[in-house]
Protein chains: 2
Amino acid sequence: MNYVSVVSRLVTMENFAAPGDFVDAARQGWAKARPELDVSSIEVMGRITRIGALVTQRVEHDLAPEDITRAEFDLLCTLARSGRPLRASEVTAATMLSGASTTKNADRLARRGLIERLPSERDGRVVLLQLTADGHALVDRTFPNFLARDQELLSGLTAREQAALAELLRKVAMNLEVRH
Amino acid sequence: MNYVSVVSRLVTMENFAAPGDFVDAARQGWAKARPELDVSSIEVMGRITRIGALVTQRVEHDLAPEDITRAEFDLLCTLARSGRPLRASEVTAATMLSGASTTKNADRLARRGLIERLPSERDGRVVLLQLTADGHALVDRTFPNFLARDQELLSGLTAREQAALAELLRKVAMNLEVRH
DNA sequence: ACAATCTATTTTACTAGTAAAATAGATATG
DNA sequence: CATATCTATTTTACTAGTAAAATAGATTGT
């Protein structure tokens, strides 16, 4: 790419919209406003938080007809994939919410008959949470739709690209999780 | 990899902890609980939402000493990189929050003297938001720290890997953004 | 020009999430 | 074998975010 095409690309991007995605626009903004800053890391981290927020909103929207929040659905899915009753504290660790939220979400799901609270035989402080038949049914009915929606989002990528992306994200995730 | 090594890897991962990151554990759970489901898409989407949530929490924690929320900081950074006063509705579009939240956040930031509200000359309904000198100073003082933290998270990846990751994420982001 | 309609922001009334205190059961120590 | 300390969960008191109503200014059609 020569000087002219670089310039014409910049002019195009500034004056005639469509500079790629949200993060491309943000990066261009920083390049102009604070040219001395190296903002290259937002190419990855900005996109991750942006995509994460958009996907979360979409999931919430799709769950509205079930009259269930994303956090409650997350709790149900955590129990569904664990195959055994989990302690409230295990659910808290898996869902990234506070213990107080786990109590609240478990209350609402129990009132709706989607989960049950069991006492632990070993430890009287512990509350075990497990899906009821209705809870299992809800997960079995709705979870595949979310998988399909996710696949759709990745449909622009080849299988090889999806695998490469997953592997790169695993590295970032592991780096992040070791720091708590 | 032969049959034995596959089996030994599975056994290792099930019985001796450390199956990689959070998503590896979740995927194994689904594989056992619902072997008929193709949950491969969570390798990407699950990691994006997980990393997004962890990074968001970390940013909130790091902003606590400034007595400012992540949403407020996001508003300040949006103004800082735009280089001109923005309409409240432009800020709303950039921050992924509701208009009501923009009003609330702008209220608090204006009370603290970090932004100013200006009337638009063209349209009496419009409120323009712009940084004060104090607001600029706060962004200049703190934003570089967040860039450094983000770079640290990506330090396990080569420059080539970071570029590949950014490019793959851009594809996903653009696919998502065209669907609103 | 003037009602009808549209649009940008704010206000109101509400829900979700949290930190810290309270509660209750387990464990350790003298 | 108490009693002090630790741990798991719940309750309380609060903050952040939102949808929908209210407000106020712009636009459109006649």
Rounded interatomic separation in angstrom, taking [atom1] from [X] and [atom2] from [N]:
X: B:L109; N: D:dA16; atom1: CG; atom2: P; result: 11 Å
X: B:D107; N: C:dT9; atom1: CG; atom2: C1'; result: 11 Å
X: A:L129; N: D:dT9; atom1: CG; atom2: P; result: 8 Å
X: A:L97; N: D:dA16; atom1: CG; atom2: P; result: 17 Å
X: B:R87; N: C:dT9; atom1: CZ; atom2: P; result: 6 Å
X: A:I115; N: D:dT9; atom1: CD1; atom2: P; result: 12 Å
X: B:I68; N: D:dT15; atom1: CD1; atom2: P; result: 17 Å
X: A:R125; N: C:dA24; atom1: CZ; atom2: C1'; result: 9 Å

Exercise for review: Specify the residue among A:D123 and A:K104 whose closest nucleotide of DNA chain C lies further upstream toward the 5′ end.
Suggested key: A:K104
Review point. Judged by modelled atom types alone, do B:T92 and B:S89 share a side-chain donor-acceptor pair under 3.5 Å?
Key: no
Got a salt bridge between [X] and [Y], using NZ or NE/NH1/NH2 to carboxylate O under 4.0 Å?
X: A:E72; Y: A:R112; answer: no
X: B:R27; Y: B:D21; answer: no
X: A:D74; Y: A:R70; answer: yes
X: B:E43; Y: B:R47; answer: yes

Practice item. Answer with base, sugar-phosphate or nothing: what part of the nucleic acid does A:A88 contact at a heavy-atom distance below 4.0 Å? Key: sugar-phosphate
Check your understanding: Hey, does B:T69 reach any base, or is it just sugar-phosphate, or nothing, if we go heavy atoms under 4.0 Å?
Key -> sugar-phosphate
Check your understanding: Looking at B:S101, does any N or O in its side chain come under 4.0 Å of the phosphate oxygens OP1/OP2 on D:dT18?
Key -> yes
Check your understanding: Below 4.0 angstrom from OP1 or OP2 of D:dT10, is there any side-chain N or O of A:R117?
Key -> yes
Exercise for review: Map A:Q57 and A:S89 onto DNA chain D by nearest heavy atom, then report which one ends up closer to the 5' terminus.
Suggested key: A:S89
